[in-house]
Amino acid sequence: MAWVEISDGSHAYATCRDVVKTNKIARALRTEEANHEGTAVVVECESHIWVVGKCWTGSTELLVRPAGSPTETCECYPDAFSVRPCIGNGNWGGLLGKTCRSSSQRMMVTFKKADDTYVW
């Protein structure tokens with residue numbers, strides 16, 4: 001993988017262009033490497049912290065926050081990008097602002113390598 005970004009489909013809010021770190025984020029999402037005991041995969045890249053963790057319902061969350069921020073998942077941070085597509089309730093995430101009980105919005109997590117693009 002060459003990079004990963006979180007966007008609304010027209011504006012990228014955070015990007016990680018480090019191949020090794022991007023692969024770590026992708027692997028954590030693909031294999032659900034994080035567990036319910038609070039172990040999350042945390043990657044710092046390009047002034048952001050990318051966290052893959054589990055939520056209350058056992059669903060996976062991708063949380064992106066400014067570097068140096070707390071990394072607890074399933075919180076309602078106002079400075080975060082949070083994607084929880086399988087949570088099963090109204091706390092499915094959001095982009096900068098309300099990340100719990102958000103209004104409808106488009107969120108994309110895109111992984112790009114030299115010859116393909118994958119969207120989660």
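Since this is a predicted model, take the numbers as computed values, not measurements. Just so you know, residue 1 is the first one in the sequence shown, and it goes up from there.
- A donor-acceptor pair under 3.5 Å is formed between the side chain of R84 and the backbone N or O of N91.
- Separation of atoms SG (C45) and CH2 (W50) is listed at 7.5 Å; rounding is to 0.5 Å.
- Under the 4.5 Å side-chain contact rule for hydrophobic residues, I87 and F81 share a cluster.
- Cluster annotation: M107 is connected to L29 through the hydrophobic network of ILVMFWY side chains, with a link wherever side-chain heavy atoms come within less than 4.5 Å.
- Across E75 and E72, no two heavy atoms sit closer than the pair CG-O, 3.8 Å.
- In this structure, OG on S102 lies 8.0 Å from CG on L95, to the nearest 0.5 angstrom.
- By the rule that hydrophobic residues join a cluster once side-chain heavy atoms approach within less than 4.5 Å of another member, F111 and V64 end up as members of one cluster.
- Formation of a donor-acceptor pair under 3.5 Å by the T22 side chain with backbone atoms of D18 is found in this model.
- Nearest approach of A40 to G53, heavy atoms of both residues: CB-CA, 4.1 Å.
- Using a 4.5 Å heavy-atom cutoff, the side chains of T60 and V52 are in contact.
- No donor-acceptor pair under 3.5 Å is formed between the side chain of K112 and the backbone N or O of V4.
- Contact record, S69 with I49: O-CD1, 3.5 Å, taken as the closest heavy-atom pair.
- Linking Ile, Leu, Val, Met, Phe, Trp and Tyr whenever their side-chain heavy atoms come within less than 4.5 Å puts V83 and W92 in one cluster.
- Shown here are the side chain to side chain donor-acceptor pair (under 3.5 Å) partners of T99, two or more places apart in sequence or in another chain: there are none.
- Annotation: the span from R106 atom CZ to M108 atom CE amounts to 5.0 Å, rounded to 0.5 Å.
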Open item on the list: Between W3 and C16, does the side-chain contact (heavy atoms from CB on, under 4.5 Å) criterion hold? Intermediate values first, please.
Closed with: CA-CA 5 Å; W3 55 262; C16 176; over 6 Å; no

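- Judged by distance alone, with hydrogens and angles left aside, the side-chain atoms of Q105 form no donor-acceptor pair with the main-chain N or O of D8 at under 3.5 Å.
- Judged by distance alone, with hydrogens and angles left aside, the side-chain atoms of T15 form no donor-acceptor pair with the main-chain N or O of E5 at under 3.5 Å.
- A cation-pi arrangement is found for R65 relative to Y77, the charged atom lying closer than 6.0 Å to the ring centre and inside a 45° cone about the ring normal.
- If you check the side chains of S82 and E61, you find a donor sitting under 3.5 Å from an acceptor.
- Residues C86 and S59 come closest through the heavy atom pair O-CB, 3.4 Å.
- Transitive grouping of hydrophobic side chains (ILVMFWY, heavy atoms separated by less than 4.5 Å) brings I6 and V41 into a common cluster.
- To the nearest 0.5 Å, atom NZ of residue K21 and atom CD of residue E44 are 7.0 Å apart.
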